[in-house]
Number of protein chains: 2
Amino acid sequence: MTRTRKKILEILETAETPLSALGVEARTLSSCDTATVYRSLHYLEEQGLADSFVLFCREHGTERYYVANSAKHRHWFHCEVCHRFVDLGECRVEPLLSQMEAATGVRIRSHTLYATGTCADCLHAGQQAASRSHQEGEYPRQGE
Amino acid sequence: MTRTRKKILEILETAETPLSALGVEARTLSSCDTATVYRSLHYLEEQGLADSFVLFCREHGTERYYVANSAKHRHWFHCEVCHRFVDLGECRVEPLLSQMEAATGVRIRSHTLYATGTCADCLHAGQQAASRSHQEGEYPRQGE
DNA sequence: TTAAAAATGCGAATGATTTGCAAATATACC
DNA sequence: GGTATATTTGCAAATCATTCGCATTTTTAA
């Protein structure tokens with residue numbers, strides 16, 4: 001493995017949350033070219049050293065986020081207000097997916113699950129705002 | 001609601017699978033401009049009449065797919081070989097998400113879950129190919 | 001060390017999605 | 001119903017993440 005790829009893998013491993021390609025590039029202090037970052041991330045994913053998922057948010061648009069695959073597979077929450085990720089813990093949908101596989105005859109190779117909404121911090125900030133302005137209402141819950 | 005938006009909603013409602021914006025445009029027989037299709041899909045989603053999720057696949061890259069929100073929220077499987085969607089049935093992760101909400105203090109507004117791999121049809125085609133060529137192996141199962 | 005293979009940097013290209021603006025359509029009001 | 005106002009549509013140009021071609025540099029294998 002090349003120096004560049006090692007460095008990028010290390011960035012993913014030490015990050016506490018998923019990173020976009022641009023986030024990774026920033027953490028190399030722009031010592032790697034953008035194209036190289038993308039190619040390295042693809043490489044790491046092919047090698048099973050990284051996982052990724054695509055997420056859309058108003059602020060950042062559609063971007064792909066990467067996490068190191070060193071620990072157990074986890075799922076993430078993305079705050080629509082502050083745009084930070086919150087760890088939702090280890091994957092617990094495997095059993096459901098196995099049932100779906102059995103029911104439909106498909107062979108699942110990978111899955112993507114994430115949730116979006118408002119994180120605890122922003123929720124508190126919002127409630128304070130609500131008590132001041134009486135404007136805050138309930139967010140309807142919807143799936144995707 | 002305008003004629004255009006009605007037509008696009010109807011396209012989503014009669015589609016058996018999620019559609020990309022370009023898929024929707026094709027089904028209007030290109031009678032709507034691309035920008036209008038995108039704007040209408042955004043409108044329908046804002047109104048809660050449609051849901052969407054972003055999916056990456058080798059063949060089509062990163063695209064956003066839309067489904068009508070008339071029926072119960074469902075989850076989808078995307079075949080990496082033939083690129084068709086397979087219905088995985090009604091959402092069954094709500095209870096898990098509620099637990100995650102309680103554990104982390106976040107407020108979930110929406111979630112995305114889909115799986116990718118090989119559909120039953122392509123699996124059979126692949127097995128036939130395997131019995132001829134002795135090339136087909138196991139796909140490692142991984143999450144995202 | 002040394003040739004061949006693979007990776008990197010740079011700049012240009014791609015492709016989905018968005019935006020500005022003028023024309024067309026829908027809605028509100030008389 | 002008919003007109004004024006607000007909203008939507010079409011077209012073309014712009015964005016933005018991501019990818020690609022190609023010359024140069026780094027790795028790998030012998």
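We name chains A, B, ... by the order of the sequence lines, and we start the count at 1 in each one.
In this structure, A:Y38 does not reach the D:dT19 phosphate: none of its side-chain N or O atoms is under 4.0 Å from OP1 or OP2. At the phosphate of C:dT18, OP1 or OP2 sits under 4.0 Å from a side-chain N or O atom of B:H42.
Note: CG (A:L22) to P (D:dT15) measures 17 Å, nearest angstrom. We find that CD of A:E25 is positioned 15 Å from P of D:dC16, with the value rounded to whole Å. Rounded to an integer number of Å, the gap from A:K6 NZ to D:dT27 C1' is 10 Å. A:Y66 places its OH atom 13 Å from the P atom of D:dA17, with the value rounded to the nearest Å. Separating the CG atom of A:L44 from the P atom of C:dA7 is a distance of 12 Å, rounded to the nearest angstrom. Taking atom NZ of A:K7 as the reference point, atom P of C:dT8 lies 11 Å away to the nearest angstrom. Here D:dT18 presents its P atom at 15 Å from CD of B:E63, a figure rounded to the nearest Å. What separates CG of A:L41 from P of D:dT18 is a distance of 10 Å, to the nearest Å.
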**Message:** side-chain contact (heavy atoms from CB on, under 4.5 Å) for B:T112 and B:Y114? Distances and angles first, verdict last.
**Reply:** CA-CA 7 Å; B:T112 296; B:Y114 59 81; 3.8 Å; yes

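Residues meeting the salt bridge (Lys or Arg N to Asp or Glu O under 4.0 Å) test with A:R92, sequence neighbours left out: none. Listed by chain and residue number, A:V106, B:V86, B:L88 satisfy the side chain to side chain contact (heavy atoms under 4.5 Å, CB included) test with A:T104 (two or more places apart in sequence, or in another chain). Residues passing the ring pair (Phe, Tyr, Trp, His ring centres under 6.0 Å) test with A:H83, sequence neighbours excluded: A:H60, A:H78. For A:R27, the side chain to side chain contact (heavy atoms under 4.5 Å, CB included) criterion is met by A:I11, A:A15, A:E16, A:L19, not counting sequence neighbours. Residues that satisfy the side chain to side chain contact (heavy atoms under 4.5 Å, CB included) test with B:V67, not counting sequence neighbours, are B:P18, B:D51, B:W76. A:D33 is linked by a side-chain hydrogen bond (donor to acceptor under 3.5 Å, both in side chains) to nothing, counting only residues two or more places apart in sequence or in another chain.
Evaluation of the side-chain hydrogen bond (donor to acceptor under 3.5 Å, both in side chains) test over residues 17-26 of chain B, restricted to residues two or more places apart or in two chains, returns B:E25-B:T34.
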**Contact state string [nucleotides 5-11 of chain D, B base, S sugar-phosphate only, - no protein heavy atom under 4.0 Å]** = ---SBBB

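Residue-level contact check: A:H60 touches neither bases nor backbone, having no heavy atom under 4.0 Å from any strand. Contact annotation for A:S20: no contact, since no heavy-atom pair falls under 4.0 Å across all strands.
Side-chain contact between A:F77 and B:R107 is absent, with no heavy-atom pair separated by less than 4.5 Å.
For the helix from C:dT1-D:dA30 to C:dC30-D:dG1, the axis fitted to the five pairs at one end and the axis fitted to the five pairs at the other end meet at an angle of 50° (nearest 10 degrees).
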